[in-house]
Structures are given as C-alpha cells and as structure tokens.
Visitor: 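I'd like to ask some things about the structure below.
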2 protein chains.
Amino acid sequence: MVDHKVDIESCECNIIHQNIIDKVKETMPEEEHLYDLAELFKVFGDTTRIKILYVLFASEMCVCDIASILGMTQSAISHQLRVLKQSRLVKYRKEGKTVFYSLDDNHIKQIFDQGLSHINEK
Amino acid sequence: MVDHKVDIESCECNIIHQNIIDKVKETMPEEEHLYDLAELFKVFGDTTRIKILYVLFASEMCVCDIASILGMTQSAISHQLRVLKQSRLVKYRKEGKTVFYSLDDNHIKQIFDQGLSHINEK
DNA sequence: ATAACACATGAACGTTTATTCATATATTAT
DNA sequence: ATAATATATGAATAAACGTTCATGTGTTAT
C-alpha cells in the first residue's frame, strides 16, 4: 500500500494532506483568471475611480462635469477614465466637442455593495 | 423667478443641471466610506493575496503550507497575511508553533464571483 | 483662417507597494 | 540550557501608480 504523504520542495512542514491539496486545486481558478481578477480590483482600489463610478451610477456625464463635481483636474479625470475604459467598466459617446461617459457593466454596483457590507459588518 | 443654472468654480462648462447634481449627491456615499471601499479593493488588487484567499476558500491552512502551495517565500506570505488580517478578511488560531489562517468574511467569495462575471462577460 | 473649447496624452515627480534578506519571537523537543 | 522549527517583522530595493504640467487633437463658432 502506498503512503500518500506529501513532500513539497521549498518547505519542511508536512501538515498538509493530499486531499486538501486536491481540494485547493479544484477550487483555484486558472492562473490567468486570478491575474485578471487582481487587475480588476486594482482598478477599484483608488478613491478617484470609485468616485467616478459612483457619479456615473447617477447619470451619464461629460469629463468636465465629473472633474467639477469631484473638484479635480480635467486631466486627472481623463487619465482615470482611460483606465476605466480599458477595463471595460465605462463606455463613452461623443456629441460635438463633448464626450459623455457612462457605465458599461452591471456588476459594479453589486461588487461595491458587497464591499460596503464587509466594511459595515464589524 | 430664480434661474437654477449651475456655476461650478474650476470648470467653465455648464452642461450639468441641478437635478443631476442633486441625484449624484444622493447616490454618493460619504467620503469616508468611499475611502474605505477603495482600501478594501486595494487589498484584493494583488495576485498573491487573491491566491491566498482562494486557498483559504478550500481549507484553513498554516503559513508554511500556503507558501508551499503558492511556491512563494514564507516571509512574503506572512507579510501578505498581515495585510489580510488588518482588513479583517482572515483570522488565525494558534496551535503550538503553527498558526492556522482561515477566512473571516462571507462577502469575499461573492465579490470574487461578481468580478469573474465581469471578466468573462465580453 | 482663427480663436475658443472639450478632451486626450506623454513626461516627470513623488508616493505607495510587494518581495527579499536578515533577524527577532515564540514554541517544542532533546 | 540548547537546538530546531513556525512565524513575524524591520529595512531595503525595485516596480507600479496617481497627479501635475505642458501640449496635442478634434470640433465649433466667428
């Protein structure tokens, strides 16, 4: 009968059992998905971008107005909108000189609400 | 009759209407909450921490085993566990020399699932 | 054509952050 | 006591990030 003890390189401790390792491997999404997930949350990890998204929850809006509501530079907002655009969280439509930004995702609000639940829990 | 046109300092454009500003102010949580929210997502915005949390979805685990599963240094994992602890996302229990970490929040999985939904949508 | 305006973008700067390395603390075994 | 082990942590380093400043692009009005 074969002994299924685990022996992992870089670590001397042998507390883990094979069934737990197997379970972890089942539960764990692909490396690429985990990377993308971290990238997404990195986008949410900035107050300015969070504020922009909350503003857009209320209404589509032009860059200049977002900047004015948040009391920030047009340039700063524009840079951040680019990040949000790249993550496909916002979309835009042009109307003459003006560019109107709006939300391009249904999950954002729910993610934020879950986040606030965590914060307000304890 | 008073004209309710909006005139905001730092910005020349006057596209916004008062009712939209009002709506934004209703929808927007307090400054402090927005800050905390960004801080929380900052914690999720790192592949190592995401992986640690996914490992803990499967089972409570000691530092050494997490390090071994993720193929990383014990020190690196320990530093990151500290961040997760500070955000009250994980808790620990000591058993002799060993410290077992486990999840301390019910929202994490749902937040991650919503995030993955966004990623896999388009 | 020229000026004015809304927005985008590249470079630079200061700050934050993740990992590494060395070392400290705490527990267990001899 | 001493050694071994599991974990924590401070300092250092390199990379990533957000804002500012200056300037570029495209549209509208004169």
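A, B, ... follow the sequence lines: proteins, then strands. Residue 1 opens every chain. Every heavy atom of this structure was used, including side-chain atoms; hydrogens, water molecules and symmetry mates were not.
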Visitor: Hey, can you pull the residues of residues 33-49 of chain B with a non-hydrogen atom under 4.0 angstrom from DNA chain D?
Guide: none

Visitor: For A:Gln86 and D:dG18, give me the distance from atom CD to atom P, rounded to whole Å.
Guide: 12 Å

Visitor: Donor-acceptor check, side chain of A:Arg93 to backbone of A:Ser102, threshold 3.5 angstrom: yes or no?
Guide: no

Visitor: If the sugar-phosphate is the primed atoms plus P, OP1 and OP2 and the base is the rest, what is the B/S/- string for nucleotides 25-30 of chain D, using protein heavy atoms under 4.0 Å?
Guide: -BBS--

Visitor: Can a cation-pi geometry be assigned to B:Lys91 and B:Tyr101, taking NZ or CZ under 6.0 Å from the six-membered ring centre and within 45° of the ring axis?
Guide: no

Visitor: Using a 4.5 Å cut-off on heavy atoms from C-beta on, say whether the side chain of B:Leu53 contacts that of B:Val90.
Guide: yes

Visitor: Kindly indicate whether the side chain of B:Leu34, heavy atoms from C-beta on, has any atom under 4.5 Å from the side chain of B:Met28.
Guide: yes

Visitor: I need the CG-P distance between A:Asp65 and C:dA6, as an integer number of Å.
Guide: 10 Å

Visitor: Under the ring-ring contact (aromatic ring centres under 6.0 Å, His included) test, which residues partner B:Phe57, sequence neighbours left out?
Guide: B:Tyr54, B:Phe112

Visitor: Kindly point out which of C:dC21, D:dT20, D:dT19 is positioned nearest to the side chain of A:Thr73?
Guide: D:dT20

Visitor: Take the protein atom CZ of B:Phe100 and the nucleotide atom P of D:dA8, then report the distance between them rounded to whole Å.
Guide: 12 Å

Visitor: Rounding to a whole Å, what distance do you find between A:Ile66:CD1 and C:dC7:P?
Guide: 9 Å

Visitor: Using the closest heavy atom to pick a nucleotide of DNA chain D for each, name whichever of A:Gln74 or B:Val63 lands nearer the 5' end.
Guide: B:Val63

Visitor: With A:Val55 as reference, evaluate A:Ile77, A:Leu70, A:Ile50 under the side-chain contact (heavy atoms from CB on, under 4.5 Å) test and give the passing residue.
Guide: A:Leu70

Visitor: How close or far is atom C1' of C:dC7 from atom NZ of A:Lys85, stated in whole angstroms?
Guide: 9 Å

Visitor: Looking at B:Ser75 and D:dT9, is any side-chain donor or acceptor paired with a base atom of the opposite kind under 3.5 Å?
Guide: yes

Visitor: Mark yes or no: B:Lys94 above the aromatic ring of B:Phe100, with NZ or CZ under 6.0 Å from the six-membered ring centre and no more than 45 degrees from the axis.
Guide: no

Visitor: Whole angstroms only, please: what is the CE-P distance between B:Met72 and D:dA8?
Guide: 15 Å

Visitor: Do B:Asn120 and A:His33 make a side-chain contact, defined as non-hydrogen atoms from C-beta onward lying under 4.5 Å apart?
Guide: yes

Visitor: Tell me: CZ of A:Arg82 to C1' of C:dT9, nearest whole Å?
Guide: 7 Å

Visitor: What's A:Tyr101 touching, base or sugar-phosphate or nothing? Going by heavy atoms closer than 4.0 Å.
Guide: sugar-phosphate

Visitor: So do the side chains of B:Ile111 and A:Phe41 get within less than 4.5 Å of each other, counting heavy atoms only?
Guide: yes

Visitor: Does A:His79 make a side-chain donor-acceptor contact with the base of D:dT20, cut-off 3.5 Å?
Guide: yes

